[in-house]
Amino acid sequence: MTDDASVGRSESRENDEADLALCDVARLFKAVLRRAIARDRDVAARHDLALTDIGCLGFLESCHEPVSGKMVAEHVALSTGATTALLDRLERAGLIERQPNPADRRAIVIVLKEAKARPILEEQRVLKQGLTAAVGSLSQEERDGVLKFLQRLLDEVPE
């Protein structure tokens with residue numbers, strides 16, 4: 001039979017371990033974010049671009065379907081006006097072009113100009129390769145756990 005004191009010590013020890021685990025998760029999560037943001041800032045600065053410009057180029061590269069301005073706006077979380085300014089900047093830099101949408105003549109699609117964007121995107125690949133290697137080293141169960149954790153974190157932390 002356990003006494004109340006030993007139950008209390010056990011609960012306290014479990015709380016301490018949970019607090020330490022939370023500190024470790026928070027520290028590592030912030031370190032990953034800082035490293036990714038610092039890399040993106042460095043790439044953006046070297047090419048005289050903004051962080052959202054880098055995010056837009058990566059998004060355009062990863063899409064396998066025609067991309068609308070609205071899709072870009074949703075991806076970079078900007079208003080339509082700010083997205084228009086972003087696309088204007090990228091077009092002036094020769095990194096994208098607006099083309100008529102073949103499926104809807106009233107609309108346009110945003111097309112990445114591969115040759116001009118390639119040096120920027122190559123620099124971004126280092127981060128993507130690290131992510132790919134890290135994810136690839138996990139079992140399916142571990143990947144599912146990471147995805148579940150990240151989704152729960154998004155659900156629990158207000159914007």
Side-chain angles (χ1 to χ4, degrees), residues 18 21-159:
L22 177 61
C23 286
D24 286 342
V25 167
R27 178 182 53 79
L28 289 171
F29 188 75
K30 287 178 182 178
V32 168
L33 288 176
R34 277 193 304 273
R35 187 173 295 175
I37 292 168
R39 175 169 281 288
D40 282 353
R41 279 192 182 129
D42 289 346
V43 171
R46 275 194 295 282
H47 297 279
D48 198 28
L49 297 170
L51 279 175
T52 51
D53 299 350
I54 296 292
C56 179
L57 293 176
F59 174 66
L60 291 171
E61 180 189 36
S62 68
C63 285
H64 303 291
E65 63 184 84
V67 176
S68 68
K70 181 180 179 187
M71 291 167 68
V72 171
E74 290 171 357
H75 178 76
V76 295
L78 292 175
S79 68
T80 55
T83 300
T84 298
L86 165 103
L87 295 174
D88 288 345
R89 269 194 319 274
L90 293 176
E91 192 167 39
R92 277 193 307 273
L95 295 165
I96 65 152
E97 65 181 356
R98 293 170 168 113
Q99 296 179 349
N101 185 338
D104 180 356
R105 292 184 317 185
R106 298 167 296 161
I108 61 159
V109 292
I110 312 304
V111 177
L112 183 68
K113 293 180 89 177
E114 298 278 340
K116 181 82 174 188
R118 188 173 298 116
I120 299 164
L121 296 169
E122 285 298 324
E123 290 186 54
Q124 289 299 96
R125 288 200 206 326
V126 173
L127 185 61
K128 289 180 184 175
Q129 288 168 343
L131 180 60
T132 300
V135 170
S137 72
L138 300 174
S139 69
Q140 184 61 50
E141 186 177 333
E142 289 169 323
R143 285 192 297 269
D144 291 345
V146 170
L147 290 172
K148 183 177 180 180
F149 166 75
L150 291 172
Q151 186 58 58
R152 208 173 266 167
L153 184 59
L154 284 173
D155 294 344
E156 295 294 330
V157 177
E159 286 190 46

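Sequence positions, counted from 1, serve as the residue numbers for this chain.
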Q: Output, in order, the C-alpha distance, side-chain angles, deciding distance and verdict of salt bridge (Lys or Arg N to Asp or Glu O under 4.0 Å) for Arg27 and Asp24.
A: CA-CA 5 Å; Arg27 178 182 53 79; Asp24 286 342; 3.7 Å; yes

Q: If I take atom CE from residue Met71 and atom CG from residue Leu60, how far apart are they, to the nearest 0.5 angstrom?
A: 9.0 Å

Q: Does Ile120 reach the side chain of Asp53, with side-chain heavy atoms less than 4.5 Å apart?
A: no

Q: Between Thr83 and Thr52, is a side-chain contact (heavy atoms from CB on, under 4.5 Å) present by the stated rule, with each step listed?
A: CA-CA 9 Å; Thr83 300; Thr52 51; over 6 Å; no

Q: Could you give the side-chain donor-acceptor pairs of residues 94-103 under 3.5 Å, partners two or more places apart or in another chain?
A:
residue: Glu97; atom: OE2; partner: Gln99; partner atom: NE2; Å: 2.6
residue: Arg98; atom: NH1; partner: Asp88; partner atom: OD1; Å: 3.0
residue: Arg98; atom: NH1; partner: Glu91; partner atom: OE1; Å: 2.5
residue: Arg98; atom: NH2; partner: Asp88; partner atom: OD1; Å: 2.9
residue: Asn101; atom: OD1; partner: Ala103; partner atom: N; Å: 2.8

Q: If you measure from CD1 on Ile54 to CG on Asp42, what distance do you get to the nearest 0.5 Å?
A: 10.5 Å

Q: At what distance, to the nearest 0.5 angstrom, does SG of Cys56 lie from CG of Leu51?
A: 13.0 Å

Q: Please report the closest heavy-atom contact between Val109 and Pro66, naming both atoms and the distance.
A: CG1-CB, 3.6 Å

Q: Which residue pairs satisfy the salt bridge (Lys or Arg N to Asp or Glu O under 4.0 Å) criterion with at least one member in residues 60-84, sequence neighbours excluded?
A: Glu61-Arg125, Glu61-Lys128

Q: Would a 4.5 Å heavy-atom cut-off, applied to side chains only, mark Leu150 and Phe29 as touching?
A: yes

Q: Tell me whether the count of non-hydrogen atoms from other residues, nucleotides or ligands lying under 6.0 Å of CG in Asp48 goes above 12.
A: no

Q: If you count every heavy atom of other residues, nucleotides or ligands that lies below 6.0 Å from Glu122 atom CD, does the total exceed 12?
A: yes

Q: To the nearest 0.5 Å, tell me how far Ile110 CD1 sits from Cys63 SG.
A: 11.0 Å

Q: Minimum heavy-atom separation for Ala36 to Leu127, with atom names?
A: CB-CD2, 3.9 Å

Q: Heavy-atom distance under 4.5 Å between the side chains of Phe59 and Val72, does that happen here?
A: yes

Q: Starting from the C-alpha separation in whole Å, work towards a yes-or-no answer on side-chain contact (heavy atoms from CB on, under 4.5 Å) for Val146 and Glu142.
A: CA-CA 6 Å; Val146 170; Glu142 289 169 323; 5.5 Å; no

Q: Quick one: closest heavy-atom pair of Gly55 and Val76, and the distance?
A: C-CG1, 4.4 Å

Q: Could you measure the distance from the CG atom of Leu154 to the CD atom of Glu156? Nearest 0.5 Å is fine.
A: 10.5 Å

Q: Distance check, rounded to the nearest 0.5 Å: Arg118 atom CZ versus Glu123 atom CD?
A: 14.0 Å

